[in-house]
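Some notes on the structure that comes next.
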Amino acid sequence: MAAKSDGAAVSLRNEIPAECPSGSDPRPSRHRAAEQRYSVPDCCWTLCALLVFFSDGASDLWLAADYYLRGSYWCFALTLVFVVIPSVVVQVLSFRWFAYDFTETVESGAAAAAAVVGGGASTAGQSDFSTTDSGERGAGRSAEAGSLPGPGTGGGVRGCCRAFVWLFQAIIHIFQLAQVWRYVHALYLGVQSRWHRDPERRHYYWRMMFESADISMLRLLESFLKSAPQLVLQLSIMNQATQVLPLQGLSASASLISLAWMVASYQKALRDSRDDKLPMTYKAVIVQILWHLFTIGARTLAFALFASVFQLYFGIFIVAHWCIMTFWIIQGETDFCMSKWEEIIYNMMVGIVYVFCWFSVREGRTRCRMLIYSLTVFIENVALTTAWYLYRDPRTSDFYAVIMVCAVASSYALGTFFMFVYYCLLHPDGPISGWGYIVAKEVPVETLASPAASLPPDVVSSPPRTLQRTKGSEGERGSGVDADVFQVRALRGAQAPAPNLTPRTEGPVIRIDLPRKKYPAWDAHFIDRRLRKTVLVLESAAPVTPRIQYRCLGTPKEVMEYETTV
């Protein structure tokens, strides 16, 4: 039996979130209006992402063809392998997502709103339903939502259209163009959200954010499976030949830009979709791209130098580093996927990212973890470069060797400099002192005079790492009994929210009996595609944007009681 969640309400960016003991961040409304609107810079960002994608893939294929024409068959084979295999893996994953999204899994739109494993939906002030009674109480909305355009209604014409869509998507994925189609689709949805007014605008914006999340995850996976090894391979070939062909330089540069771009793009898409996170400005994105560009450049150059002399030991080193990083991530108890095995696979993929650059997988104070990782990478870069310098090919001149060592050192120093610039000046939540999180507390004005406002907030340090559970129903909470607000870093000079930022209680509420996913993972409704369908159906049926509530847990005793009812 699944218990109904009384979690903290999470609103869209143009709405005011309901406050609970550890609810959403009540940020000023001036941020929400800007976040919700699809802008011209967003469109330009998508077009630039397409340009980066085409440049990376086209340069690799062009270089592979050049190797073949020159008779360098081993270089041709390795270059082509690092292009084809990662692309096929990503296409299979993308087509699997499309098949689930497009396949009709429920009888009607109302059933889709109820078919949520571990979650349900309710309408404020009306009867609600959860997974245990969705068939009974959810039937009341069938008539209303039945008029929504479902994926499998419309007779013969609809069937022909569905067959055409399946054929079109199959062709797209066979020709390895799934990412291109998703970029174009996201661009179309964003433009539609700008041209339409509510409620169509909100619906297009929901779909655009879902598509952006898929693109970011697919491209991040492809970049570190394709661009990263491709960059190391080409740098190794250039170092062994002690010369740089134009196509080699073009391919290596495109791969490096693609890696840095996708790490920054992943973080931006994540923050744009999270209502409890301030968005990342494009100035901050550019600085973060430069940060990863130089650090990954130094890392891959050190790899290439070492691999040009010690091929076997380089493979052992990469495997050992990946295993250590994966174990480090697993023991950190991340909370990204819905099952244990999916979580392990995700941690293994993040371990590949950790071979090349820093990637935060947990919310909170990252100072110690980043310092440990940065020192480890610095020591490894020095050791790898020193080993190459001492055992390099005798034909390599001292001048060339010194240039390579200086390139590794200066590139890593520049990357570290831009990392400091990002965290000290351009971080979305404001400047950070000492690499740590400045934890500030934003309390509603009406609670400032209350003695309880000075009490420290409850801290849940053990899993599940979720928000606290709301006490009482929404109708029982008054404006004068709001408790502590979810802790976030406040902007410098930030003030308490205005008294008119009151919780929104009207409209449908999607109650999800799952913990809210923590940064840098997306919320459950971005990860679980069944929840996506629920959000889209309710958003289309209701005149106002549905609110999303996740399971909030307070004490360990309450956690145990909740788990025994599931």
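Every heavy atom of this structure was used, including side-chain atoms; hydrogens, water molecules and symmetry mates were not.
- A heavy-atom distance below 4.5 Å is not found between the side chains of Phe294 and Phe417.
- Other residues, nucleotides and ligands place more than 12 heavy atoms under 6.0 Å from the CH2 atom of Trp166.
- No more than 12 heavy-atom neighbours from other residues, nucleotides or ligands sit within 6.0 angstrom of OH on Tyr313.
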Derivation of the side-chain hydrogen bond (donor to acceptor under 3.5 Å, both in side chains) call for Gln234 and Ser251: CA-CA 8 Å; Gln234 301 308 326; Ser251 175; 5.1 Å; no

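- By the 6.0 Å and 45° rule, Arg219 does not stack over the aromatic ring of Tyr266.
- Note on ring orientation: taking the six-membered ring where Trp is involved, the planes of Tyr391 and Phe310 are perpendicular (angle over 60°, cut-offs 30° and 60°).
- Remark: the Gln267 side chain and the Gln288 side chain contain no N/O donor-acceptor pair separated by less than 3.5 Å.
- For the atom pair OG1 (Thr300) and CG (Leu305), the distance works out to 9.5 Å, reported to the nearest 0.5 Å.
- Phe95 and Phe98 have tilted rings, their planes meeting at an angle from 30° to 60° on a 0 to 90° scale.
- Side chains of Tyr400 and Asn239: a donor on one and an acceptor on the other come within 3.5 Å.
- Remark: side-chain polar atoms of Ser227 are not paired, donor with acceptor, to backbone N or O of Phe224 under 3.5 angstrom.
- The backbone N or O of Ala178 sits less than 3.5 Å from a side-chain atom of Gln91, completing a donor-acceptor pair.
- Scored by the salt bridge (Lys or Arg N to Asp or Glu O under 4.0 Å) test, Asp60 finds no partners at all (sequence neighbours excluded).
- With sequence neighbours left out, Tyr68 forms a side-chain contact (heavy atoms from CB on, under 4.5 Å) with Tyr73, Phe76.
- Met325 places none of its side-chain heavy atoms less than 4.5 Å from the side chain of Val350.
- Atoms CG and OG, from Leu293 and Ser253 in turn, are 9.0 Å apart once rounded to the nearest 0.5 Å.
- In this structure, the salt bridge (Lys or Arg N to Asp or Glu O under 4.0 Å) partners of Arg182, at least two apart in sequence or on a different chain, are Glu211, Asp214.
- Applying the salt bridge (Lys or Arg N to Asp or Glu O under 4.0 Å) criterion to Arg70, with sequence neighbours excluded, gives Asp66.
- Classification of the His525-Trp206 ring pair by plane angle, with boundaries at 30° and 60°, yields perpendicular.
- Between the side chain of Tyr67 and the main chain of Leu80, no donor-acceptor pair closer than 3.5 Å is present.
- Remark: the backbone N or O of Ser308 is not paired with any side-chain donor or acceptor of Ser236 at under 3.5 angstrom.
- Looking only at distances, no side-chain donor or acceptor of Gln331 sits under 3.5 Å from a matching main-chain atom of Ile329.
- Scanning for side-chain hydrogen bond (donor to acceptor under 3.5 Å, both in side chains) contacts around Thr396 gives an empty result, with sequence neighbours left out.
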Working for side-chain contact (heavy atoms from CB on, under 4.5 Å), residues Arg530 and Tyr100: CA-CA 9 Å; Arg530 296 164 295 182; Tyr100 183 87; 2.4 Å; yes

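- Remark: side-chain polar atoms of Ser265 are not paired, donor with acceptor, to backbone N or O of Met262 under 3.5 angstrom.
- Under the salt bridge (Lys or Arg N to Asp or Glu O under 4.0 Å) criterion, Glu380 pairs with Arg299, sequence neighbours left out.
- Within the structure, salt bridge (Lys or Arg N to Asp or Glu O under 4.0 Å) contacts touching residues 166-176 (residues at least two apart or in different chains) do not occur.
- The salt bridge (Lys or Arg N to Asp or Glu O under 4.0 Å) pairs that include a residue from residues 232-246 number zero, where partners must be two or more places apart or lie in different chains.
- A perpendicular orientation is assigned to the rings of Phe303 and Phe317, their planes being inclined by more than 60° (bins at 30° and 60°).
- You'll find the ring centres of Phe175 and Trp181 outside the 6.0 Å limit.
- Residues Ala186 and Ile215 come closest through the heavy atom pair CB-CD1, 4.0 Å.
- For residues 313-331, no pair satisfies salt bridge (Lys or Arg N to Asp or Glu O under 4.0 Å), with sequence neighbours left out.
- Annotation: salt bridge (Lys or Arg N to Asp or Glu O under 4.0 Å) contacts involving residues 396-421, sequence neighbours excluded, comprise Arg392-Asp398.
- Checking side-chain atoms of His321 against main-chain N and O of Phe356 turns up no donor-acceptor pair under 3.5 Å.
- Applying the side-chain contact (heavy atoms from CB on, under 4.5 Å) test to Ile344 and every residue at least two apart in sequence or in another chain returns Lys340, Trp341, Met348.
- Under the rule for a side-chain contact (heavy atoms from CB on, under 4.5 Å), the partners of Ala284 that lie at least two apart in sequence or sit in another chain are Met280, Thr281, Tyr422, Leu426.
- Checking side-chain atoms of Ser411 against main-chain N and O of Val408 turns up no donor-acceptor pair under 3.5 Å.
- With hydrogens and angles ignored, the 3.5 Å screen pairs no side-chain donor or acceptor of Ser258 with any backbone N or O of Ala254.
- For the pair His196 (side chain) and Gln192 (backbone), a donor-acceptor distance under 3.5 Å is present.
- Just one residue in the list Tyr412, Tyr423, Trp261 forms a ring-ring contact (aromatic ring centres under 6.0 Å, His included) with Trp291, and that residue is Tyr423.
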